[in-house]
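Atoms considered below: every heavy atom in the structure, side chains included; atoms not considered: hydrogens, waters and symmetry mates. Each ligand, and each atom within it, is numbered from 1 in the order the structure gives.
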Amino acid sequence: MEFSSSTILSFLALLFLSIPFSASNPTQDSFYQCLATNSNLSVPLYPAFYTPNISSFTSLLQSTAQNLRYLLPSVPKPELIFTPLLESHVQSAVICSKQLNIHLRVRSGGHDYEGLSYVSQIESPFIIVDLSKLRSISVDIADNSAWASAGATIGELYYRIAEKSKIHGFPAGLCTSLGIGGHITGGAYGSMMRKYGLGADNVLDARIVDANGNILDRQSMGEDLFWAIRGGGGASFGIILSWKVRLVPVPETVTVFTVPKTLEQGGTKILYRWQQVADKLDENLFIRVVISVADGSTKGQKTISTAYNALFLGGVDRLLQVMNQSFPELGLQSKDCVELSWLKSVLYIAGYPSSVPPEALLQGKSSFKNYFKAKSDFVREPIPETGLEGIWKRLLEEDSPLMVWNPYGGMMSKISES
Ligand SMILES: Cc1cc2nc3c(=O)[nH]c(=O)nc-3n(C[C@H](O)[C@H](O)[C@H](O)COP(=O)(O)OP(=O)(O)OC[C@H]3O[C@@H](n4cnc5c(N)ncnc54)[C@H](O)[C@@H]3O)c2cc1C
């Protein structure tokens with residue numbers, strides 16, 4: 001039996017259109033049809049289309065959503081989730097959402113504090129364009145650069161760089177499941193920022209889809225827009241398809257440590273001192289403080305734990321010299337320190353147990369998912385000890401509070417704010 005090519009094409013189109021719509025609604029229907037009209041159908045659309053009547057819809061919605069508060073039943077849900085398989089699908093999604101007046105939310109790694117990439121509380125109906133299937137990374141050591149697609153995690157980028165070179169890295173977030181797409185749009189601070197600045201300071205080029213569905217690179221978008229997308233916040237200036245980033249040198253061996261101090265161990269005084277020195281230390285040293293409530297020494301008593309969690313771009317001997325000179329109050333000893341590769345330091349700082357292999361970074365999984373309210377802020381003057389004591393009082397009233405204090409200084413003081 002022979003078919004003409006036009007018969008085969010119309011049969012395929014019918015098949016694609018019929019699969020997702022066993023219980024469709026008008027928004028899903030019109031969006032799908034618009035996408036089909038505006039897309040290259042050599043790659044079928046239906047595997048990219050998730051409606052609430054499909055069993056995998058909920059697991060996809062939940063997959064990278066970090067803040068479980070925004071998955072509660074009372075929170076509005078999208079009409080559908082579209083997971084582009086090609087860059088041109090992202091273009092079609094922009095064109096169609098505009099044409100049909102459907103609000104669009106873009107998700108890369110799902111770490112937005114307020115769930116903005118997967119929830120729209122006001123605009124309705126809304127759909128999610130989830131970029132998790134656009135996650136290719138290509139590292140070019142000779143060019144000292146890498147192109148990373150928006151749906152990849154920052155941990156995948158770190159892994160792919162280290163796979164090619166033990167002496168290259170990238171200065172961005174400490175949490176390895178952050179999506180490259182959203183993360184760099186907000187700056188991307190991390191444990192190498194005192195040496196190399198933010199992730200956004202190390203972006204060389206970008207590919208974005210603008211509000212008209214055009215793909216632009218650095219040259220075609222112009223320097224104003226290129227400036228705005230590197231720090232202007234997610235979902236503000238188009239959809240990032242990929243970033244070209246500059247790699248930075250890292251030593252083959254770096255050193256990490258975590259030294260906890262409770263209030264009973266003089267935690268308040270040490271933290272006051274840390275505030276005076278942390279931004280002035282050797283640029284190779286980044287010491288953040290993770291502050292939480294912990295069990296005290298007597299049963300039922302609570303205390304504050306201040307854990308000094310650090311990366312030093314060098315070996316332990318040099319680190320001890322730097323610490324003895326600049327921050328002896330912490331009492332760091334060589335037994336507190338671990339020498340390892342830069343990639344393993346990434347896992348350490350992200351909180352993985354030492355038994356977890358670097359390949360875990362390729363799974364893009366988050367270990368943090370929780371019901372939380374988070375806020376970031378800047379402190380320019382050291383908080384006096386009485387102020388710290390006030391903070392401890394407030395923290396001890398909460399169920400499971402967490403504060404993470406990250407020092408700037410070094411390269412961060414050399415880069416102009418604008
Ligand atoms: C547990 C945790 C740890 C964190 N650690 C760090 C850290 O170490 N350093 C740091 O700098 N920040 C950190 N952050 C903040 C984080 O960088 C930002 O929330 C960032 O926006 C997350 O990007 P994402 O792609 O994972 O999130 P998403 O929720 O997917 O996106 C965040 C925002 O960007 C938009 N967006 C997503 N993808 C794109 C795209 N491709 N183009 C345009 N807009 C897009 C979304 O619509 C949303 O508004 C952390 C957040 C959490 C929850």
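Distances from atom 44 (N) of ligand 1 to the heavy atoms of G187, A235, S132 put A235 nearest. Here atom 8 (O) of ligand 1 lies nearest to L174 when heavy atoms of L174, L131, L134 are compared.
Closest protein heavy atom to atom 42 (N) of ligand 1: I240 N, 2.8 Å. For atom 53 (C) of ligand 1, the closest non-hydrogen atom of the protein is H111 O, 3.3 Å. Of the protein's non-hydrogen atoms, the one nearest atom 17 (O) of ligand 1 is H183 ND1, 2.9 Å. Of the protein's non-hydrogen atoms, L178 CD2, 3.7 Å is the one closest to atom 4 (C) of ligand 1. For atom 31 (O) of ligand 1, the nearest non-hydrogen atom of the protein is S117 CB, 3.9 Å. The protein non-hydrogen atom at the shortest distance from atom 33 (C) of ligand 1 is D112 OD2, 3.7 Å. In terms of protein heavy atoms, atom 38 (N) of ligand 1 is closest to S108 OG, 2.7 Å. With respect to atom 25 (O) of ligand 1, the closest heavy atom belonging to the protein is G109 N, 2.9 Å.
The R107 neighbourhood of ligand 1 comprises atoms 30 (O), with distances under 4.0 Å to a heavy atom of that residue. Atom numbering of ligand 1 starts at 1 in the shown order; those under 4.0 Å from a heavy atom of A150 are 41 (N). Counting the atoms of ligand 1 from 1 in the order shown, those under 4.0 Å from a heavy atom of G173 are 7 (C), 8 (O), 9 (N). Of all atoms in ligand 1, listed by their number and element, those nearer than 4.0 Å to a heavy atom of G179 are 23 (O), 24 (P), 25 (O), 26 (O).
Within 6.0 Å of atom NZ in K269, 12 or fewer heavy atoms from other residues, nucleotides or ligands are found, so the atom counts as exposed in its surroundings. Within 6.0 Å of CD in Q219 there are 12 or fewer heavy atoms belonging to other residues, nucleotides or ligands. Within 6.0 Å of NZ on K261 lie more than 12 heavy atoms contributed by other residues, nucleotides or ligands. Remark: I122 CD1 is loosely packed, at most 12 non-hydrogen atoms of other residues, nucleotides or ligands lying under 6.0 Å away.
Any N or O atom pair closer than 3.5 Å counts here, and G181 shares no such pair with ligand 1. Below 3.5 Å of separation, one finds an N or O of Y189 facing an N or O of ligand 1. Ligand 1 has no nitrogen or oxygen under 3.5 angstrom from a nitrogen or oxygen of G234.
Judged by distance alone, the side chains of N214 and N212 never bring a donor and an acceptor atom under 3.5 Å apart. No side-chain donor from either of N67 and E114 sits under 3.5 Å from a side-chain acceptor of the other.
By the 4.0 Å heavy-atom criterion, G238 is counted among the residues contacting ligand 1. Contact analysis puts A188 in contact with ligand 1, with a non-hydrogen atom separation below 4.0 angstrom.
Residues passing the side chain to side chain contact (heavy atoms under 4.5 Å, CB included) test with P47 are P44, sequence neighbours excluded. Qualifying side-chain hydrogen bond (donor to acceptor under 3.5 Å, both in side chains) partners for R69, counting only residues two or more places apart in sequence or in other chains: none.
The line from CG of L61 to NZ of K77 is 6.5 Å long, rounded to the nearest 0.5 Å. Within the model, atoms CG of L45 and CG of L86 stand 8.5 Å from one another, a figure rounded to the nearest 0.5 Å.
Relative ring orientation between F31 and F49 is described as parallel, the plane-to-plane angle staying below 30° on a 0-90° scale split at 30° and 60°.
A cation-pi geometry, defined here as NZ or CZ lying under 6.0 Å from the six-membered ring centre and within 45° of its normal, does not hold between R288 and F286.
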